[in-house]
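Beneath this line is the structure, given in structure tokens, with notes to follow.
Quick note: numbers below take in every heavy atom, side chains included, and nothing from hydrogens, waters or symmetry partners. Positions are given from 1, in the same order as the sequence printed here. Being a predicted model, the structure only gives us computed values, none of them experimental.
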Amino acid sequence: MQTKIVYSNAQAAAMLDSFMRTRSLVHTSPPSRLRGRIAWFVLVGTAAAAVHWSVVVMLVAHAGWRPLLANVLGWLIAFGVSFSGHYRWTFRDHGVPLWRSAMRFFAVSASGFAINEAAYALLLHWSGLRYDLVLAVVLVAVAGGTYLLSRHWAFNRKPAR
């Protein structure tokens with residue numbers, strides 16, 4: 001014998017809402033909060049990218065470093081700017097302990113840097129463009145992925161598995 005379960009519209013809506021809120025890739029923040037978060041991400045990311053780019057240009061132009069080696073130090077210094085800004089401002093309401101966010105964000109940032117370094121090496125070799133222009137393009141290109149991984153994993157209390 002089959003049992004038929006009947007839900008009211010309000011019960012079904014509540015169950016759907018509850019289900020949707022447990023999915024980390026579904027946005028549940030008000031649009032104004034999302035805009036604010038994206039604005040902070042852009043501001044912090046721009047500051048970190050400026051630090052990264054400036055360190056690379058300074059090391060190449062004034063210390064004679066090779067661009068790919070200078071890029072490593074630029075990323076390491078910019079990581080501090082990026083993590084502290086995103087932890088304090090972009091994702092300030094995340095509720096994730098500092099050490100956990102730092103470890104996750106380092107994984108996100110290091111992955112982004114691996115892509116950055118590979119793309120930078122390829123573009124330096126094949127494009128014939130100046131190293132500083134190539135670096136600027138690569139930094140901007142990697143930023144979107146960094147935002148998504150930061151929001152949905154590094155600074156997420158219940159990240160998707």
Side-chain angles (χ1 to χ4, degrees), residues 21 23-161:
R21 287 182 187 274
R23 307 295 118 208
S24 66
L25 295 177
V26 175
H27 177 67
T28 58
S29 299
S32 62
R33 195 158 101 196
L34 178 61
R35 283 192 299 273
R37 181 171 284 156
I38 290 172
W40 275 115
F41 183 82
V42 169
L43 286 170
V44 170
T46 300
V51 167
H52 186 151
W53 187 86
S54 298
V55 168
V56 172
V57 170
M58 181 191 67
L59 290 172
V60 171
H62 301 293
W65 286 37
R66 295 187 141 304
L68 289 173
L69 182 59
N71 195 35
V72 175
L73 187 58
W75 168 70
L76 285 171
I77 293 170
F79 173 81
V81 173
S82 186
F83 175 72
S84 60
H86 291 317
Y87 187 84
R88 287 199 172 277
W89 296 305
T90 308
F91 303 106
R92 67 180 161 265
D93 58 349
H94 55 77
V96 180
L98 176 73
W99 65 270
R100 184 177 301 151
S101 291
M103 298 301 281
R104 288 179 183 171
F105 188 73
F106 185 81
V108 168
S109 185
S111 299
F113 178 70
I115 294 166
N116 165 312
E117 189 76 345
Y120 191 40
L122 288 171
L123 288 172
L124 282 173
H125 182 74
W126 293 104
S127 74
L129 296 172
R130 292 185 352 219
Y131 75 92
D132 53 344
L133 280 168
V134 172
L135 181 60
V137 168
V138 170
L139 289 173
V140 170
V142 173
T146 301
Y147 173 77
L148 291 173
L149 285 170
S150 296
R151 178 166 182 242
H152 295 293
W153 186 66
F155 296 101
N156 190 332
R157 228 175 296 162
K158 296 178 182 177
R161 294 180 189 232

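A donor-acceptor distance shorter than 3.5 angstrom exists from the side chain of R92 to the backbone of W89, with no hydrogens or angles considered. Here the side chain of S84 pairs a donor or acceptor atom with the backbone of V81 at under 3.5 angstrom. When atom types are taken as modelled, the side chain of R104 and the backbone of N156 share a donor-acceptor pair closer than 3.5 angstrom. Between the side chain of S54 and the backbone N or O of A50 there is at least one donor-acceptor pair closer than 3.5 Å. Side chain of S111 to backbone of A107: a donor-acceptor contact under 3.5 angstrom is found.
Here the CG-CD1 distance, from L43 to I38, works out to 12.0 Å after rounding to the nearest 0.5 Å. Atoms CH2 and OG, from W153 and S101 in turn, are 10.0 Å apart once rounded to the nearest 0.5 Å. Here the CZ atom belonging to R100 is positioned 11.0 Å from the CZ atom belonging to R157, to the nearest 0.5 angstrom.
Considering only heavy atoms from C-beta on, R33 comes within 4.5 Å of D93 through its side chain. Residues L129 and L123 fail the side-chain proximity criterion, which asks for heavy atoms closer than 4.5 Å.
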Set out, in order, the CA-CA distance, both residues' side-chain angles and the distance that settles side-chain contact (heavy atoms from CB on, under 4.5 Å) for V57 and H62, then state yes or no.
CA-CA 8 Å; V57 170; H62 301 293; over 6 Å; no
After noting the C-alpha distance and the side-chain angles of L139 and L135, does the key distance pass the side-chain contact (heavy atoms from CB on, under 4.5 Å) rule?
CA-CA 6 Å; L139 289 173; L135 181 60; 4.0 Å; yes
Candidate pair E117 and N71, rule side-chain contact (heavy atoms from CB on, under 4.5 Å), full reasoning
CA-CA 8 Å; E117 189 76 345; N71 195 35; 2.5 Å; yes
Apply side-chain contact (heavy atoms from CB on, under 4.5 Å) to residues L73 and L69 and explain how you reach the verdict.
CA-CA 7 Å; L73 187 58; L69 182 59; over 6 Å; no
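You'll find the ring centres of Y87 and H94 inside the 6.0 Å limit. The aromatic ring centroids of Y120 and Y131 lie 6.0 Å or more from each other.
Contact record, S127 with V134: OG-CG2, 3.7 Å, taken as the closest heavy-atom pair. The shortest heavy-atom contact between V60 and A70 is CG2-CB, 4.0 Å. Closest approach of S109 to F79, counting heavy atoms only: OG-CD1, 3.5 Å. In this structure, D132 and W53 approach most closely via the heavy-atom pair O-NE1, 3.0 Å. H52 and A78 make their closest contact through CB-CB, 3.7 Å (heavy atoms, listed as atom of the first residue, atom of the second, distance). The heavy-atom pair separating V108 from S150 by the smallest distance is CG1-OG, 4.0 Å.
Ring geometry for F113 versus W75: interplanar angle under 30°, hence parallel rather than tilted (30 to 60°).
For the pairing with F155, the ring-ring contact (aromatic ring centres under 6.0 Å, His included) check across F91, Y147, F41, W40 returns one residue only, F91.
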